Structures are given as structure tokens and as C-alpha cells.
2 protein chains.
Amino acid sequence: MAGKDQAGGGKAVTLTDVARVAGVSVATASKALNGRSQVAPRTRARVLQAAEQLSFVPNTLAQGLLVGRTGTVGLLTSDLQGRFVIPILMGAEDAFGAGRVNVFLCDARGDTIREQHQLKALLSRRVDGLIVVGSRTDARPSIGHDLPVPVVYVYAPSEDPEDLSLVPDNVAAGRLAVEHLISCGRQRIAHVTGDPSYAAAQDRVRGALEALDAAGLELVGEVMYSEWSERWGRDATAVLLERHPDIDAVLCGSDQIARGALDTARDQGRKVPGDIAVIGFDNWDEMVTNSRPELTSIDPNLQLLGRSAAQRVFAALDGEDLGRGVHTQAPRLVIRGSTVARR
Amino acid sequence: MAGKDQAGGGKAVTLTDVARVAGVSVATASKALNGRSQVAPRTRARVLQAAEQLSFVPNTLAQGLLVGRTGTVGLLTSDLQGRFVIPILMGAEDAFGAGRVNVFLCDARGDTIREQHQLKALLSRRVDGLIVVGSRTDARPSIGHDLPVPVVYVYAPSEDPEDLSLVPDNVAAGRLAVEHLISCGRQRIAHVTGDPSYAAAQDRVRGALEALDAAGLELVGEVMYSEWSERWGRDATAVLLERHPDIDAVLCGSDQIARGALDTARDQGRKVPGDIAVIGFDNWDEMVTNSRPELTSIDPNLQLLGRSAAQRVFAALDGEDLGRGVHTQAPRLVIRGSTVARR
DNA sequence: GAAAGCACCGAAACCCTTTTCGTTTCGTGT
DNA sequence: ACACGAAACGAAAAGGGTTTCGGTGCTTTC
């Protein structure tokens, strides 16, 4: 019996069934279950018991058909693999509250055709809103302009200024990192970062240069671009220490690069943070807490970003203006042992 | 105008609108769009053009209401943060094919109350099936027995043997790891692993001991349990090298522990893989490819697991028996520089 | 020329729930 | 005892799409 049910054999219980068992009309059953006032207490109790007994669950689809709202939101990501998407997704899910709104997750795998497919599917499901999440902070093509639902772009902004985009503030992040290094008494700061085609790399460089400028300092050497890997962090730092043995801080474009920097410093007998301070970006938990010493990093507050996106969609559903343009989320400095010696 | 649309102002286009524009009845419009045969080619063309012009998208909810199938599946996870869930999720999404089936993602945050809430919400959305994903391979309480849809448990099996569960085969993984070490000529193998309360730890130990036994070997020292961290990997390996300086391989319970082991070996001047071979579990990309040398690891094939789960749900929808009990997914050995010297 | 056949189209029912509005029943006041 | 008001309940429509069935107009055949 249980097996049959599990195989999907038993068709779902409808309000009609409940009404029949309770001996009332569907209208009364509906009113009783929804707490409307035009039902006698005894009748209500009978309906509730019948619903309980049949383990009735109202069909949200039929409700949505009537109300015109489905209580669902589509989350369209281009790269689920990437670790940036997850916190955003969690933040959004959080904001929507358990059970009231459900999230359709779609991964387009970075394929535009696929994305259009998914978009169509989501619209046919009559989602109330859309959140589009990218894996890079570079601008991406708009998903479309005349969509019948509000759309918010997160992490990767839309190229169209009419769209609303929420992104981490990487310029502020770069500034924050350098300001922290300076406040630790560092003066000779070098910068190793990743792929120069990434807006994130460029923005952080810009912020860093701004902060250095404001303090009357200059970067030691050129910005070293290559890839977002520990290997590059190790190699670049080795070169750096040879060319500029007097540096007292390495600003790293990501936590991975920073870990590489830490490894090279350790190999060469440079004390961190005594001789050299190291700082990274992303505040990627497994990276920052497992390194020696633990890594100071700039947290982009992705979860907040996801939550904001969800709230914006909500507000738009309630008739508020969605807004437009690119809005940034302030980063957060998390200080650990790689810049400040533990007491 | 575009702004108004984006705010959700323009209500969705219905089949009635298309029919009016095409100058036919809704019935004819429906048949034309769905490729039914009772429509004249010219009429069909007119309808298609009207649909195109209005960018009509059929309302899947209304369809589902009629057919009794929604083309949606609920994916209930207890811990989205964990990196094990993502590949499973991707595998499932993959198997469902873009657009045909959509996935409702729910994160219960490990809370049972919340999980029941989410379950109810999913059932009210009339999902066609459910996939329940845990973050540990330990058995978890069944989500319920008399559900009107097929349910598959992934990674964390259900305690109820009547339910269908798909889990990675950690015993085989332990065996595979040891067999590889032995095939590399290692004889004095030690084992450092994580939290002993995890079934994954125990299962891998069991598999490892089986393989050692089959080869007439014994583990060097006791299994060292503690936590799944690099720090523990470093500390444990240091102790190990002091107590048993003659070991030639460290079997590590996770890639993180293995990285710690590599670091300690390096610190103490032991060559890997020359003096000591190191192997991990999980094949976590960022861990295995960034270490020095790159880390040999056992891949649990999680993506396949997710895909299998989706396929099972599909099959159950087509009337096939869902099955019951715990089924295991064979692991895969990925050889890298930490056990075999690169040529 | 009339009857039969065929291709095509439209009206209406159905899915499930909510809501409006009309009907019934009861109690109370006169 | 009758009338009136209020409370409780039920019939029906709506929401969007699919499908069945019946009907229209055309062509074919004897």
C-alpha cells in the first residue's frame, strides 16, 4: 500500500473530496479552511477534521490561476559550479521565507541558447519574478526588456542601464584592503591578481590605487596579472620577492592567490605577518581558515546581495518601482592572522 | 513602456488573445500550436504568426491542472552550503533536460520543522517527484511514507528500508584507495581521517582494512580520527611521522586532510611521492589541483548520483516501480602526482 | 442532382480553488 | 404567530488551456 502510494499511484486529494467527507459544499469547505467568517464553528471543525484525515493539501496551481500570482521566483544562473552563486542563492531563499515563496533553480551552464530556453520555461510557469545570477562581475547581455515580470541581475550586471543590477563593490573592496594594510603600518605594497579580462580584477586594482594615492603612496612594481590560481600566487610571489625584496605587503586578487603567496613566503623563510602582510579577496571559508596563518580577506557580502535581490523582487510585486541601474553592495573586512599578529 | 512592463504591469498573454488576433477560436488556436492534425495549414500559419507576434507562452499551470502533471520536481536539501550538494543538484538538473522539467530548490538548513514546511509547500505545488539530499552519508529519518509522489533520497539514505536511497559507496572507495597505494608498491600505510561519528569515515576505514587484509597487510598504527580539516591533517601527519618514521603512504579521509598531510611532509623534507604517497577522498577540484604535488583522490561520482536520482523519479512517473533500499554508486580513482611521479 | 464523405472549425466541458451572490434556516422581537 | 434580520450554507462563475463532440461547408461519387 505504501509502496503504491510512493509510486505516485494515489492521485492527490482535492477540496471536493474534503467537502464530500465533511458533508458540505466545496464553497463552505474552502471558507472553513481559509478562516473566513461565514462558517459555523461546528461545521468548520468538521471540515478541518476531514482535511486532516485525508491529509489534504490545497493545490497552489489552481490558487495561482485565480489570483494571478504563483508565489514562485525563477533563479537563473549561468554557472552553478562556481562558488559565488551559492551564497547568493541562499540569501535569496532566506529572504523569501520558508514555504511562502518557492524558487525555481535553473542552470544555463553559460549557454545563451540554453538560457533562453530556461527563460521561456520559467515564464510559462508564470513565475512572479526573476533573479539572474552570473559568475563574473563583468556586464552581460540583458535577458530581454519586455518581460511580464520584474527581473533583478545579481553579481553580473546587465549591459542595459534600464535593468536593475546588484553587484559587489569591488572598487571599495580594493580600497578597503589597501587602507587596512596601511593602517597596519605597511608602506611597500605589491599587487598580484588574476585574469586581467575580469572586471573584478580591474575594479580592485582601481580601488587599491585610489587608496594608495590618497595616502601618498605608490604600488611597488607593476600589477601582476595572470590567472586565479594558487600556482600563480606562488610563482608571482617568488618573482616579486626576488625583484623587490623590500616589500612588506602583498595584496592578492583572490584568496587562492593569497594562499599561494603565503606558501612562497613560508618557503623562503619570510615571516607572515612579521615581515610581510598578505591579504586576499572573497573570504572563501575553506581557503582563509586552513592557511598558515589564517588569511585576512575582504568579504563581498554575497548573502546580503541575494537577500536584497529577493526583497527588490518582492517590492516590485507589491507595485513599487523596481528601479534601474547598477547598485553596489559594500564589502566587509575580516581580519585574521596574515595581517595582524595574534596576541 | 519598457519600465512599466518590467514592473510587472503588462499582464501575461493568454491563448484567448492569440485566438482573437488570429481570428479563430481558442480551440483551433490550441490545436494549431500543439501540432494536432485537424487544422488547415493556412490557419495554422496564421495562429503561429499571431502567437509569435504576441510572444505568447502557454500557461504551464493551466496545463498541469488539466493533465495532473506539472513537470516540476522538488529538491529538498538540508545543507546547501556543503559542497556535496552542488554536483548532485547539477546532475539532477542535467538529467531532467533544459526546460522540460524544472526544479524547485528548497534548503531546510538542517531544521526538521522547516523541512516539513517545505515539504508541504512542495506538495501543494503538486511536484511530480521529490529528491531529498543530505550533507552526510549517515541515515536520516524518512520524510514520510504515504506521500502522493515518488521520493528518492540521495547521499544521506533514509532510515526506512522501504524508501529508495542512492549513496556513494564509501567502502568501495576505501578499498579502491588502498588497492591503488598497494599497486604503487606501498606496504606501510597509515590512515588519518575525520570525525568518527560520520558514517563516511567509518565506511572508508572498513573498505581500507578489507583491502589491506586481502593483500596480507596491516595498517600502521591506529586509525587517527578527529576533524575534517587541513589543520588536523598537518598535526596528525606530524605525529605520525614521529611515531612511525618508516611509513610510505598516508591514506587521508578527505582531500582537506590530505592537503594538510602534504604540507607537513613538505615541511619535514619528505618527498612526495618519492618517500611518501598521499591520497585523499572527494576529488574536490580546488583542493586537488592546487596542492604540491597535485593530489590523487577518490571521486564519489556525485554528479552521476544526482542523475540517477532524477532518472529514477522519471521512471516512477512512467509507472515503473520506484524500488527500495540503499543503492550505492561506485567511486572512481583519479591519479595525480601525490602517488605517482610525473614522467 | 442528390447523397455521402471529408476537412476544418467552434462551443462547451473539464481541471481545482476562490469568491460573489443568492437561498435557506434559525432566532428574536413585536 | 408572524415578520424581519442575521447567520450559515450552496450554486455558479472565473481563471487559462486542452479535448471531445457536434456542426458547417465543401468535394466527390453514383
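A quick note: this is a predicted structure, and the numbers were derived from the prediction, not measured. By convention in this document, chain letters (A, B, ...) are assigned in the order of the sequence lines, proteins followed by strands, and residues within each chain are numbered from 1.
If you measure from atom CG of Asp17(A) to atom P of dC15(C), you get 11 Å, rounded to the nearest angstrom.
Taking 4.5 Å as the limit, some side-chain heavy atom of Arg140(A) sits within range of a side-chain heavy atom of Val132(A).
Evaluation of the ring-ring contact (aromatic ring centres under 6.0 Å, His included) test over residues 70-95 of chain A, restricted to residues two or more places apart or in two chains, returns Phe84(A)-Tyr155(A). Sorted by first and then second residue, the salt bridge (Lys or Arg N to Asp or Glu O under 4.0 Å) pairs with a member in residues 13-31 of chain A read Asp17(A)-Arg20(A); sequence neighbours excluded. Pairs of residues two or more places apart, or lying in two chains, that qualify as salt bridge (Lys or Arg N to Asp or Glu O under 4.0 Å) and include a residue from residues 76-87 of chain B are Arg83(B)-Asp282(B). Under the ring-ring contact (aromatic ring centres under 6.0 Å, His included) criterion, no residue pair touches residues 123-143 of chain A, with sequence neighbours excluded.
Taken over five-pair windows at either terminus, the axes of the helix from dG1(C)-dC30(D) to dT30(C)-dA1(D) are inclined to one another by 70° (rounded to 10 degrees).
Of all nucleotides in DNA chain D having an atom under 4.0 Å from a heavy atom of chain A, the first and last in 5' to 3' order are dA8(D) to dG17(D).
Comparing Gln38(A) and Arg126(A) by the nucleotide of DNA chain D that holds the closest heavy atom to each, the one mapping nearer the 5' end is Gln38(A).
Within residues 43-51 of chain B, the residues approached by DNA chain C to less than 4.0 Å at the level of any non-hydrogen atom are Thr43(B), in residue-number order. Residues from residues 23-34 of chain B placing a heavy atom under 4.0 Å of any atom in DNA chain C, listed by number, are Val24(B), Ser25(B), Ala27(B), Thr28(B), Lys31(B). Proximity of residues 58-67 of chain B to DNA chain C (heavy atom under 4.0 angstrom from any strand atom) is restricted to Leu65(B), Leu66(B).
By the ring-ring contact (aromatic ring centres under 6.0 Å, His included) test, Phe56(A) pairs with no residue at all, sequence neighbours left out. Under the side chain to side chain donor-acceptor pair (under 3.5 Å) criterion, Thr43(B) pairs with no residue, sequence neighbours left out.
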Legend entry - Footprint string (nucleotides 22-27 of chain C, 5' to 3'): B base within contact, S backbone only, - free, heavy atoms under 4.0 Å: ------
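The pair Arg136(B)-Asp138(B) meets the salt-bridge criterion, with a side-chain N (NZ, NE, NH1 or NH2) lying under 4.0 Å from an Asp/Glu carboxylate O.
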